[in-house]
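The block underneath contains the structure these notes are about, expressed in structure tokens.
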Amino acid sequence: MSREDGRQGAGADAGEQLALIRASVRETKATRAKPRTWRGAEPAAELPVARVLVDKGLVHLDRYFDYVVPAAMDAEARPGVRVRVRFGAGEKGGRREGGKLVSGFIVDRVAESDFRGVLAPLAQVLSPEPVLTPGLLALCRAVADRYAGSLADVVQLAVPPRRARAEAKESPPPLPPNAPPEPGSWQRYAAGPGFLAALTRGDAPRAVWTALPGATWPDELARAAAATLAGGRGALLVVPDGRAAARVDAALTALVGSGRHVLLTADAGPEERYRRWLAVSRGSVRAVIGTRAAMFAPVDRLGLVALWDDGDAAHSDPHAPQPHAREVLIQRAVGERAGFLLGGVSCTVEAAQLVETGWAHPLTADRERVRATAPRIRTVGEGDEARDEAARAARLPSMAWQVVREGLRHGPVLVQVPRRGYAPRLACARCRTPARCRACAGPLESPGADDLVCAWCGRAEPDWHCAECGGARLRAQVVGARRTAEELGRAFPAVPVRTSGRDHVLATVPDTPALVVSTPGAEPVAEGPGYAAGLLLDGWALLGRPDLRAGEEALRRWLTAAALVRGQEAGGTVAVIAEPTLRPVQALVRWDPVGHAVRELAERAELGFPPVSRMAAVTGRPDDIAALLASAGLPPGAEVLGPVPLPVPDPGRPRRPGDPPPGESWERALVRVRPGQGAALAAALKAARAARLVKREGEAVRVRIDPPDLG
DNA sequence: AGCACGCCGACT
DNA sequence: GTCGGCGTGCTC
């Protein structure tokens with residue numbers, strides 16, 4: 001439903017309308033104790049009505065509200081500025097009483113309102129800074145629609161909170177464009193130099209870039225930005241974390257100096273971050289490097305959006321409506337006719353789909369170069385017995401132990417250990433094929449001791465047999481490899497052990513022999529040529545996660561770690577403890593993330609999984625879910641899976657928004673639609689949810705488009 | 001979400 | 001006659 005719905009029909013004509021407005025202002029003057037903000041106000045002579053996006057109140061209705069612009073505010077009340085308005089009061093004894101003062105944004109100035117009642121005046125223009133510019137508003141609108149969310153929620157993500165001191169300072173005029181950069185290491189990709197040239201020329205090329213292993217990708221991303229800047233356009237680079245942002249920032253500064261770009265990350269602090277954001281919004285700076293919140297940065301004349309490592313969960317915003325940076329940047333590339341670069345050492349199924357559908361072109365190096373640049377990969381199955389005494393002490397297969405020992409003679413060795421807290425999933429005890437539902441192919445769970453139930457559709461599976469090998473025994477896959485890493489340190493007593501993990505993340509380690517123990521995503525970059533060897537210990541924990549993406553995610557984390565190890569020509573070797581016949585393990589050995597993603601994509605298409613189909617998750621009390629789905633005009637062919645009970649959140653964990661209230665058991669249904677029906681699905685769920693909120697039928701249900709945790 | 005209006009039962 | 005129960009509907 002569009003925001004125009006629910007508006008009253010055509011009201012008075014223009015003359016009457018103006019008279020009504022004037023009367024309303026006079027009445028306010030006469031009856032109120034004249035607050036300073038509108039004392040003596042006459043409506044502005046031109047376009048006296050401000051269309052306002054109100055920040056509180058009926059966010060779910062997603063409508064604008066019209067207010068009179070007092071003449072005194074005429075100059076400052078431009079579209080995009082923050083305002084305060086009275087909202088939510090009714091009539092009291094025939095007089096207009098002010099409601100609560102709430103803040104909002106002017107989205108437009110118009111000559112007349114189609115509201116038939118008496119308009120209230122703007123209470124205050126908070127700041128003359130036009131922060132919600134028309135372009136940014138259009139982006140927020142598109143993202144809200146895509147994710148069945150409200151415009152106000154998305155605007156809150158897109159526009160940083162105001163800091164008056166930052167606004168007071170003027171931003172310097174933009175520097176003239178730099179000279180185009182040399183292609184540098186982009187030469188290693190056949191299409192690389194052409195891609196940069198197209199960006200400088202002003203074209204909008206789109207590429208999915210499979211980066212060669214090594215530490216050059218920050219420089220390559222920076223060169224793409226520099227090439228865009230050289231053509232007089234802006235660039236936006238989004239990376240998963242502050243560490244990556246700092247590396248790209250250093251690379252871009254080396255290429256174009258300072259003053260042409262800003263770094264938008266959380267660690268700058270709110271005021272400095274807002275100051276930098278303003279520099280972008282004011283057109284003083286045309287390039288942005290940042291973490292996911294930067295995906296909305298209002299870059300002037302956007303020529304390139306780039307995203308690094310879209311498989312990283314940090315790209316999914318945890319705030320409603322939980323937009324993903326990849327989808328937002330796709331929207332921007334289309335809406336603002338900008339170039340698009342999706343890069344990573346690995347490849348997500350979504351990235352593969354962009355190439356398969358022809359929306360983007362592959363940007364890859366040839367196989368020879370990949371083989372030469374990547375380390376040698378050796379696999380060790382779980383069953384391999386440790387023969388050496390020392391290897392047995394470290395609880396390691398002897399080959400893995402040898403790889404570490406050999407590596408330590410030449411430099412640092414990276415050991416990847418799993419993080420705690422991965423839920424085990426059920427798989428065939430003989431061949432390790434995940435146990436899946438015969439009806440909908442969802443993952444099977446074992447809530448009780450014996451019963452098997454599908455986590456998606458709830459169907460019981462009393463007589464499970466493995467689809468691959470016919471085995472009838474299941475095993476839950478659990479690992480505790482952290483201890484192994486500790487024992488590994490004891491096995492090499494002469495070598496320093498450094499750890500990098502959640503609380504203590506190291507950016508770099510020196511190029512000297514050391515054991516560097518890290519959880520996935522926290523791997524330090526080794527100075528010099530890189531790690532001499534790597535040991536990937538978390539195979540079962542990664543592959544055992546009850547998630548559709550388990551294989552893709554395991555491969556991504558392995559490749560990310562292995563990419564920090566020297567190439568095999570320089571003696572780099574990586575040992576991975578995982579069953580060598582598994583598809584992600586084979587893709588690692590061949591260093592073929594694209595092949596893996598393409599096969600996953602084909603399989604998802606066959607099984608009707610996202611991203612080939614589109615899904616939404618609806619969570620809440622069972623009867624509320626049923627009522628919402630019944631009232632929603634779901635697109636034709638929409639399929640409802642479940643609902644099934646939601647796993648009870650860990651009682652030790654503090655309650656997060658989205659968790660069921662204590663004592664209530666919630667369920668989750670999945671709605672699946674055919675490709676191309678995602679927008680219709682989002683619109684239907686949004687409308688149904690809004691209607692129920694208005695009528696106050698039952699408790700609120702949560703709607704999530706593209707749920708990331710598809711068991 | 002608030003908050004006011006409105007239409008029915010026990011008080012002064 | 002009047003206070004107040006909370007059902008229903010609106011917020012520029």
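In what follows, chains are A, B, ... by sequence order, proteins preceding strands, each numbered from 1. Here the structure is a predicted model, which is why all the values come from computation and not from measurement.
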Could you give the CZ-to-P distance, from Arg51(A) to dC12(C), as a whole number of Å?
15 Å
Rounded to the Å, how far apart are Leu101(A) CG and dG2(B) P?
15 Å
Any chance the side chains of Arg672(A) and Ser613(A) put a donor and an acceptor closer than 3.5 Å?
no
Round to a whole Å and report the spacing from CZ of Arg86(A) to P of dC3(B).
13 Å
Would Phe115(A) count as stacked on dC12(C) if the rule is ring centres under 5.5 Å and plane angle under 30°?
yes
Within this structure, what is the CZ-to-P distance between Phe65(A) and dA1(B), rounded to whole angstrom?
15 Å
Check the distance between dC12(C)'s P and Glu112(A)'s CD and give it to me in whole angstrom.
20 Å
Taking CZ from Arg692(A) and P from dG9(C), how many angstroms apart are they, rounded to a whole number?
17 Å
Distance, rounded to the nearest Å, where Leu119(A) contributes CG and dC12(C) contributes C1'
6 Å
Between atom CD1 in Ile106(A) and atom P in dC12(C), what is the gap in whole Å?
16 Å
Using the test ring-ring contact (aromatic ring centres under 6.0 Å, His included), find all partners of Phe296(A) that sit at least two apart in sequence or belong to another chain.
none
Which residues share a salt bridge (charged side-chain N to carboxylate O under 4.0 Å, His left out) with Glu272(A), sequence neighbours left out:
Arg275(A), Arg276(A)
Which of Arg109(A), Arg51(A), Arg116(A) passes salt bridge (Lys or Arg N to Asp or Glu O under 4.0 Å) with Asp66(A)? Answer is Arg51(A)
